[in-house]
Every structure is written in structure tokens, then in C-alpha cells.
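Values below: all heavy atoms of this structure, side chains included; hydrogens, waters and symmetry mates excluded. Naming: A, B, ... by sequence-line order, numbering from 1 per chain. Owing to the predicted nature of the structure, the values given are computational and were not obtained by experimental measurement.
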2 protein chains.
Amino acid sequence: MGQFCLPLGISPEDAKRIDILVKERIRLEKGQALFNIGDPFSAVYSVRFGSLKTLFVLPDGRQQITGFHLPGDLVGLDSVVNQSHMSSVRALEDTEVCVIPAMELITLSRELPSLHIQFTRLLSQEISNDHRKLLMIGSLRAEERLATFLLDLSERLSIRGYSSTEFVLRMSREEIGSYLGMKLETVSRLFSRFARAGLIRIQQKQVKIIDMDGLRQVLNGGSERE
Amino acid sequence: MGQFCLPLGISPEDAKRIDILVKERIRLEKGQALFNIGDPFSAVYSVRFGSLKTLFVLPDGRQQITGFHLPGDLVGLDSVVNQSHMSSVRALEDTEVCVIPAMELITLSRELPSLHIQFTRLLSQEISNDHRKLLMIGSLRAEERLATFLLDLSERLSIRGYSSTEFVLRMSREEIGSYLGMKLETVSRLFSRFARAGLIRIQQKQVKIIDMDGLRQVLNGGSERE
DNA sequence: CGGATGGTTGAGCTGGATCAACAAACGTGG
DNA sequence: CCACGTTTGTTGATCCAGCTCAACCATCCG
């Protein structure tokens with residue numbers, strides 16, 4: 001049942017063991033929620049195909065997207081061993097996830113030291129990633145953040161065997177803006193600017209990276225302090 | 001040796017077990033590094049007394065502080081099971097930490113299911129905290145971020161048995177600014193504004209919260225969209 | 001084909017940054 | 001203990017990156 005639900009960052013052997021835990025898959029249509037803030041926590045999920053976003057909503061309606069998830073990513077890690085989910089997760093497109101029951105995963109990882117270590121590493125990596133995101137939105141200018149976003153997405157797609165230079169954005173300008181801490185108009189303008197500068201070609205959600213190094217230099221040359 | 005190195009969020013019994021792993025304590029003077037980016041990873045650390053900051057430095061000198069750590073906090077969680085540290089940690093004042101060897105901790109937690117679960121919960125909570133920080137710097141205005149910072153610090157101090165309304169800031173305006181994604185001048189101006197509004201009294205690093213609810217309303221009333 | 005949703009672009013505004021001057025506290029050495 | 005430089009904080013004046021408001025266009029879908 002669970003086959004092909006291989007979380008990235010887990011060795012093939014242990015992935016197979018996890019696979020056995022998977023008794024259920026969930027199909028989500030675009031926009032549908034996998035879970036919402038406050039829902040009881042019972043499992044983590046591995047993206048099988050499609051893509052997801054993690055988001056928080058403030059009482060006044062403002063929202064922050066804290067992550068986009070591609071096939072092989074594990075979601076729900078911020079709620080492990082909690083009573084209820086701390087965030088909401090929604091599908092960016094038609095998506096399927098494997099349900100990995102949390103308690104079974106914890107129990108199994110006690111029997112399999114290597115799984116234990118790998119799961120701990122995944123949690124730790126997630127923390128490290130979040131710190132990089134904090135660095136990004138706390139210290140970089142809008143232009144640098146968007147370049148980072150493209151480079152990061154490119155790399156993650158390439159790891160999964162997709163083209164690193166040509167891909168489709170599964171999320172809207174507004175969602176990109178929310179993730180990067182800027183408004184959708186700013187995202188749109190910067191995409192246009194990157195295109196004018198010959199760094200990318202973009203029409204709609206179809207992106208082609210033309211000058212990867214140029215994109216990297218948006219980061220270095222960012223502040224241009226002599 | 002290790003006694004009184006009790007990490008918050010670990011049950012007293014398990015804390016005692018961890019305590020046995022502690023063979024070493026490290027004394028840090030103000031400004032001294034516990035470790036730097038790239039240093040080989042070997043342990044996590046529990047703050048015994050004093051306080052620390054976690055930071056990242058960009059090639060061009062810009063830096064981002066991603067966390068302040070009080071007694072009972074565990075630091076180094078973003079590097080667990082990695083080869084090397086992903087961030088730097090420095091002392092904000094004279095500080096002592098307990099060294100908890102990582103491999104021993106992992107091994108012990110295999111034998112003690114309750115410890116395993118608690119350690120996993122701590123990692124997960126750290127992720128959840130980081131998401132809240134992303135929400136804060138990505139979606140809130142400067143004023144709201146600073147109010148959040150004060151309320152958060154107040155709560156953490158109160159959990160540790162200190163006054164929730166009167167405390168000393170261990171960090172400079174510049175460090176607060178780096179943490180919150182704003183400049184030190186803005187921090188200083190906002191402190192003055194809060195003081196003028198009768199929310200706090202502040203001189204130097206000595207803070208007294210006068211109107212806790214008012215401070216909370218800085219958050220709610222933030223955007224004032226009827 | 002028409003309405004809705006999503007993206008682009010312009011014009012003008014503003015929150016927070018930058019630049020700058022000064023003031024207060026803190027060593028440090030005599 | 002005081003004088004003195006250094007570091008840290010405050011406040012003012014000005015600037016600008018990114019936001020807001022608005023008009024328009026493209027695409028998608030029933």
C-alpha cells in the first residue's frame with residue numbers, strides 16, 4: 001500500500017520499513033486542507049506527488065506561509081508529540097500524501113537505531129532550514145529574497161530529478177509574497193525586473209532560469225559595499 | 001557534576017538521567033563563543049545560568065540573530081546528528097552551560113522511551129517556535145514585533161521563576177534589532193514610544209512592564225481593520 | 001461568451017532605514 | 001577616585017524600498 005512514499009533523507013532500507021507503517025493515503029484537491037491549526041495531531045505526512053504549503057493565520061486575517069513542500073518532504077514536524085497541530089497545511093495542486101502514524105513511527109524508531117538517528121536528523125535539519133529562512137526574511141532585501149527563493153526551488157527540484165532551470169511555479173504571486181514577507185505586487189515587479197535583466201524568462205507560472213550565476217550575484221552584490 | 005543542569009521541558013526523572021551524561025561544564029565570558037559555524041558538532045548544551053544568542057553571519061557582514069537562550073534552554077539543536085554546527089552561539093553575559101554529549105544522549109534515549117519522546121518533542125517545539133518567529137518577522141509591523149518580543153521574554157522569565165514585569169535586557173538594542181529584523185534606531189524609538197504611551201518604563205536595559213494588556217493590544221489593534 | 005481570479009504596471013505614499021549629532025554609561029589607567 | 005576614550009543609546013532630519021491604491025490585461029472555467 002505505502003510503496004513509493006519514500007521520504008527524502010531517509011535511507012532506502014529504513015524508508016521501506018516506514019512504508020510498512022503507511023496504512024492510508026490521502027488525496028487532496030487544489031486548495032484543500034490536509035489539516036488545520038488545532039486539529040488533533042496523529043501522524044506526519046510524506047508528499048507522494050503534488051505540493052503543499054504550511055501557513056499561519058493571524059486573527060486579523062494576515063497570513064504567513066512558512067514552507068512549500070515537494071514530493072519526498074515530510075510535513076507536520078512542528079506538531080510531533082503535541083496534542084494538536086500548530087499550523088495549517090493546504091494543497092497547492094492535486095496532491096497525494098502518505099499517512100505515517102506518529103506513535104508507530106516513534107515506536108519503530110526505538111527498534112531501529114538508524115531510523116531513530118535519521119528522524120532526529122530530519123527534525124534538526126528542519127530547524128536549521130527555518131533558521132536560514134529567518135536569516136533570509138530578517139536580513140535580506142526583497143530582491144535578494146526572491147533570488148534565494150528561485151535558487152532554492154531550483155535546487156530542490158533538481159534533487160528530485162526535475163530540471164533545475166525550467167519549472168512551473170505551483171504557487172501564486174501572493175503565496176510567494178507571503179512566504180518571503182513582501183506583497184504580491186513586489187513579487188511581480190521583481191520577476192519582471194529579473195526578466196529584463198536577462199536572468200530568467202517568466203510567463204505566468206512557467207519559469208526558465210537563464211543566468212544562474214547572475215541570480216547568485218543578486219545575493220552577493222546585494223549591498224555593494226565597495 | 002552535572003547537577004542543576006535541568007533542561008526545561010524534560011521531566012525531573014529524565015533530567016536526572018541526562019544529568020549523569022554531563023561530564024563537563026563550560027564557563028563563558030560576555031561575548032565569548034560557545035561554538036562557531038563550521039565547528040565540529042559533538043554535543044548539545046543546556047544553559048545553567050546566564051544567557052546566549054544564536055546567530056548567522058552573511059559574507060558581507062550582515063547578521064541575523066535567530067534566538068536568545070535563557071537558563072534551562074537547550075542550544076545546538078539545529079546541528080544534531082550533523083557533521084558541523086550550522087550557526088554560532090555567543091554569550092550575552094557571563095554564562096555557564098552543561099555539555100550534553102550528543103551520541104550519549106541519543107543512545108540513552110533509545111533505552112528510555114520517555115526521554116526519547118521528550119527529546120523529540122523539544123525538537124518539534126523548536127520548529128514550531130521558529131515558525132512563530134517567521135510569522136512575526138514576515139507579517140508583523142516593527143511596533144508589533146517589539147511588543148511580541150517583550151511579551152515573549154516576560155513569559156519565559158516568569159516560567160523560570162523571575163518577575164514577568166520587571167527585568168533586565170541582557171542584549172543590546174542592536175541585537176534586539178537583528179533578532180526582530182529592524183535597525184537599532186527603530187528599536188530605540190519604539191521603546192521610547194511605548195514608554196511615552198505608558199506601556200513600559202525603560203532606562204537602559206532595565207525594563208518595567210506597566211500595562212501588559214496595552215502591550216497585547218499593540219498586537220491586536222495593529223492594523224485596525226474594522 | 002462573460003464573470004472571476006490572478007498577474008502586471010503605474011503613481012504616489014509611508015514606515016522604517018540612513019545619516020548625523022549628541023548624551024549617557026562604562027571601562028581602564030593613572 | 002576622577003579624567004577620558006569607547007561603546008551604547010537617544011533623537012532629529014531626510015531618504016527610499018517596498019506598500020497601497022488603482023487601472024488594466026490575461027487566463028481560466030463554467
Side-chain angles (χ1 to χ4, degrees), chain A residues 29-31 53 60-65 92-94 136-147 149 168-196 200-207 218 221-226, chain B residues 29-31 53 60-65 92-94 136-147 149 168-197 200-207 218 221-225:
Chain A
E29 286 173 26
K30 180 174 174 165
K53 63 176 174 182
D60 67 3
R62 284 178 289 181
Q63 72 169 59
Q64 176 74 26
I65 292 174
L92 292 174
E93 61 189 310
D94 289 4
M136 177 172 75
I137 59 175
S139 294
L140 301 188
R141 290 164 331 98
E143 192 183 41
E144 301 174 286
R145 276 177 262 163
L146 190 62
F149 170 74
V168 175
L169 298 172
R170 253 59 242 220
M171 62 297 281
S172 69
R173 304 292 190 258
E174 183 163 24
E175 286 167 328
I176 296 172
S178 168
Y179 177 70
L180 297 174
M182 63 184 86
K183 293 287 136 173
L184 69 297
E185 293 95 327
T186 306
V187 173
S188 179
R189 276 182 238 277
L190 289 175
F191 272 147
S192 303
R193 196 195 295 174
F194 285 171
R196 245 177 286 124
I200 62 173
R201 236 168 44 79
I202 184 163
Q203 43 193 66
Q204 303 295 123
K205 311 211 151 181
Q206 188 68 41
V207 177
V218 172
S223 56
E224 213 69 30
R225 55 191 67 218
E226 73 195 79
Chain B
E29 287 173 25
K30 179 172 176 169
K53 62 176 174 182
D60 68 2
R62 284 179 289 181
Q63 71 167 59
Q64 176 74 27
I65 291 173
L92 293 173
E93 62 190 309
D94 289 4
M136 176 172 77
I137 61 175
S139 295
L140 302 187
R141 293 168 325 100
E143 191 183 43
E144 301 174 286
R145 276 177 261 163
L146 191 62
F149 170 75
V168 175
L169 299 172
R170 253 55 243 219
M171 63 295 282
S172 69
R173 303 293 189 259
E174 182 163 24
E175 286 166 328
I176 296 171
S178 168
Y179 177 71
L180 296 173
M182 63 184 84
K183 293 287 134 171
L184 70 295
E185 293 95 326
T186 305
V187 174
S188 179
R189 275 183 239 277
L190 290 175
F191 272 147
S192 302
R193 197 197 293 173
F194 285 171
R196 245 177 284 123
I200 62 171
R201 235 167 47 78
I202 184 164
Q203 44 193 65
Q204 304 294 124
K205 313 212 148 178
Q206 187 69 41
V207 177
V218 171
S223 56
E224 213 70 30
R225 59 190 66 218

Original post:
Separation of Arg193(B) atom CZ from dG9(D) atom P, in whole Å?
Top reply: 19 Å
Original post:
In terms of heavy-atom contacts, does NZ of Lys205(B) have more than 12 from other residues, nucleotides or ligands at under 6.0 Å?
Top reply: yes
Subject >> Presence of Ser192(B) side-chain N/O under 4.0 Å of dT11(D) phosphate oxygens OP1/OP2 >> reply: yes
Subject >> Base dG12(D) to side chain Arg189(B), donor-acceptor N/O within 3.5 Å cut-off >> reply: yes
Original post:
Any side-chain N or O of Ser188(A) less than 4.0 Å from the OP1 or OP2 oxygen of dT8(C)?
Top reply: yes
Subject >> Arg170(B) side-chain N/O to Leu92(B) backbone N/O, donor-acceptor pair under 3.5 Å >> reply: no
**OP:** Return the nearest nucleotide to the side chain of Lys183(B); candidates are dA17(C), dA24(C), dT9(C).
**Re:** dA17(C)
**OP:** Hey, could you give me the CG/CE distance between Leu146(A) and Met182(A), rounded to the nearest 0.5 Å?
**Re:** 5.5 Å
**OP:** Grab the CD1-P distance between Ile200(A) and dT8(C) for me, whole Å please.
**Re:** 10 Å
**OP:** Working to the nearest 0.5 Å, report the span between OG of Ser192(B) and CD1 of Ile202(B).
**Re:** 8.0 Å
Original post:
From dC21(D), dG18(D), dT10(D), pick the nucleotide closest to the side chain of Leu184(B)?
Top reply: dT10(D)
Original post:
Taking OP1 and OP2 of dA17(C), is either one under 4.0 Å from a side-chain nitrogen or oxygen of Thr186(B)?
Top reply: yes
Original post:
Given atom NZ of Lys30(B) and atom C1' of dT8(D), what is their separation to the nearest angstrom?
Top reply: 10 Å
Original post:
In whole angstrom, what separates Arg170(B)'s CZ from dG9(D)'s P?
Top reply: 13 Å
**OP:** Calculate the interatomic distance between Ile202(B) atom CD1 and dT11(D) atom P; express it in whole Å.
**Re:** 11 Å
Original post:
Considering only dA20(C), dA22(D), dA17(C), which nucleotide approaches the side chain of Glu185(A) most closely?
Top reply: dA22(D)
Original post:
OP1, OP2 of dG9(D) versus side-chain N and O of Lys205(B): anything below 4.0 Å?
Top reply: yes
**OP:** Check every atom of dT20(D), dG18(D), dG16(C) against the side chain of Ala142(B) and return the nucleotide holding the closest atom.
**Re:** dG16(C)
**OP:** Round to the nearest Å and state the distance from Leu140(B) atom CG to dG15(C) atom C1'.
**Re:** 15 Å
**OP:** Send over the distance from Gln204(A) CD to dC28(D) C1', rounded to a whole Å.
**Re:** 10 Å
Original post:
Hey, are Glu143(A) and Arg141(A) close enough for a salt bridge, meaning a charged N less than 4.0 Å from a carboxylate O?
Top reply: yes
Subject >> Nucleotide nearest Arg145(A) (side chain, heavy atoms from C-beta), chosen from dA11(C), dT18(C), dG18(D) >> reply: dG18(D)
Subject >> Integer-rounded Å distance: dG18(D) C1' and Glu143(A) CD >> reply: 12 Å
